[in-house]
Peer 1: 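One structure, pasted below without further comment.
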Amino acid sequence: MSFHQQSWNNRKQSMGAEAEGIFEQVHEDWARTGLNLPPFKVNKLPLIIRNQPDYIMEDRYWEVQGCGKAGLRVKVEKLRAMTFWDEQHPLHFFIWSTPRQQYAELSFQELLKIIDRGDANYERYEDGAGKALYRITPSKFDWQDFNE
């Protein structure tokens with residue numbers, strides 16, 4: 001069963017842990033910023049608070065996400081919040097592919113260009129909430145090998 005098809009309780013146990021661990025090994029001089037699985041529901045928090053980037057460095061924010069064979073899934077509401085954060089301090093995405101055991105890095109603006117070109121599929125999550133998202137296939141990213 002794919003990660004996104006698992007129940008929320010199962011996904012919550014390891015959500016982001018692998019991707020963030022790889023990010024922390026690849027990069028130095030970062031500080032943690034975003035919420036890291038708090039012990040309460042975040043849906044009532046303001047959108048920009050619940051979608052604060054995961055890390056900050058002197059020259060940029062980093063949003064860290066994992067993806068599987070089907071590609072990167074980014075909620076539309078997250079993109080709205082990320083626009084705010086990118087205006088404050090340049091925002092970049094660090095994407096970890098578990099199947100490939102590789103990572104990709106790109107600016108938020110580059111991610112938006114992929115979407116604007118029509119290189120992302122507009123979909124809805126299959127869960128009860130059905131939130132809108134863009135799915136970007138792995139072939140759209142420039143992957144780098146991870147050497148521990």
Peer 1: What residues, two or more places apart in sequence or in another chain, satisfy salt bridge (Lys or Arg N to Asp or Glu O under 4.0 Å) together with Asp86?
Peer 2: none

Peer 1: Yes or no on side-chain contact (heavy atoms from CB on, under 4.5 Å) for Tyr125 and Lys75, after CA distance, side-chain angles and deciding distance?
Peer 2: CA-CA 9 Å; Tyr125 274 103; Lys75 292 179 190 172; 3.6 Å; yes

Peer 1: Name all residues meeting the ring pair (Phe, Tyr, Trp, His ring centres under 6.0 Å) criterion together with Tyr134; count only those two or more places apart in sequence or in a different chain, and write none if there are none.
Peer 2: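 Result, ring pair (Phe, Tyr, Trp, His ring centres under 6.0 Å) vs Tyr134: Tyr122.
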
Peer 1: OG of Ser97 to CZ of Phe141: how many Å apart, nearest 0.5 Å?
Peer 2: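 Rounded to the nearest 0.5 Å, the OG-CZ separation comes out at 10.0 Å.
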
Peer 1: State the CD1-CD distance between Ile114 and Gln109, to the nearest 0.5 angstrom.
Peer 2: 12.0 Å

Peer 1: If you round to the nearest 0.5 Å, how far is CD1 of Ile136 from CG of Leu111?
Peer 2: 4.5 Å

Peer 1: Set out, in order, the CA-CA distance, both residues' side-chain angles and the distance that settles side-chain contact (heavy atoms from CB on, under 4.5 Å) for Trp62 and Thr33, then state yes or no.
Peer 2: CA-CA 9 Å; Trp62 284 98; Thr33 54; over 6 Å; no

Peer 1: Hey, what do you get for CD1 (Ile48) to OG1 (Thr83), rounding to the nearest 0.5 Å?
Peer 2: 11.5 Å

Peer 1: At their closest point, which heavy atom of Pro138 faces which heavy atom of Gly68, and how far apart are they?
Peer 2: CG-O, 4.0 Å

Peer 1: Shortest non-hydrogen contact from Leu35 to Ile49?
Peer 2: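 What the structure gives for the nearest pair is CD1-O, 4.0 Å.
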
Peer 1: For the hydrophobic clusters of this structure (ILVMFWY residues joined by side-chain heavy atoms under 4.5 Å, transitively), does one cluster hold both Leu45 and Leu47?
Peer 2: no

Peer 1: Has Glu20 got a side-chain atom pairing as donor or acceptor with Ala17's backbone, closer than 3.5 angstrom?
Peer 2: no

Peer 1: Return the CD to CZ distance between Glu105 and Phe23, rounded to the nearest 0.5 Å.
Peer 2: 7.5 Å

Peer 1: Can you tell me how far apart NE2 (His27) and OH (Tyr103) are? Round to the nearest 0.5 Å.
Peer 2: 6.5 Å

Peer 1: Output side-chain donor-acceptor pairs under 3.5 Å for residues 87-96, partner residues at least two apart or in another chain, one line each.
Peer 2:
residue: Gln88; atom: NE2; partner: Phe84; partner atom: O; Å: 3.2
residue: His89; atom: NE2; partner: Met57; partner atom: O; Å: 3.1
residue: His89; atom: NE2; partner: Glu58; partner atom: O; Å: 3.4
residue: His89; atom: NE2; partner: Arg60; partner atom: N; Å: 3.1
residue: Trp96; atom: NE1; partner: Glu18; partner atom: OE2; Å: 2.9

Peer 1: A quick test of your reading: do over 12 heavy atoms of other residues, nucleotides or ligands sit less than 6.0 Å from CG of Asp142?
Peer 2: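 No, the 6.0 Å shell around CG holds no more than 12 heavy atoms from other groups.
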
Peer 1: Would you name the heavy atoms of Thr137 and Arg135 that are closest together and state the gap between them?
Peer 2: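 Closest heavy-atom pair between Thr137 and Arg135: CG2-NH1, 3.8 Å.
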
Peer 1: If you compare all heavy atoms of Val64 against all heavy atoms of Asp54, which two are closest, and at what distance to 0.1 Å?
Peer 2: N-OD2, 2.8 Å

Peer 1: ring-ring contact (aromatic ring centres under 6.0 Å, His included) with Tyr55: which of Trp85, Trp30, Tyr61?
Peer 2: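 It is Trp30, the one option of Trp85, Trp30, Tyr61 that forms the ring-ring contact (aromatic ring centres under 6.0 Å, His included) with Tyr55.
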
Peer 1: Evaluate the criterion side-chain contact (heavy atoms from CB on, under 4.5 Å) for residue pair Val74 and Ile115; output intermediate values, then yes/no.
Peer 2: CA-CA 10 Å; Val74 184; Ile115 293 169; 5.9 Å; no

Peer 1: Hey, mind stepping through Lys78 and Lys131 against side-chain contact (heavy atoms from CB on, under 4.5 Å) and telling me if it holds?
Peer 2: CA-CA 11 Å; Lys78 180 178 212 158; Lys131 290 188 177 187; over 6 Å; no

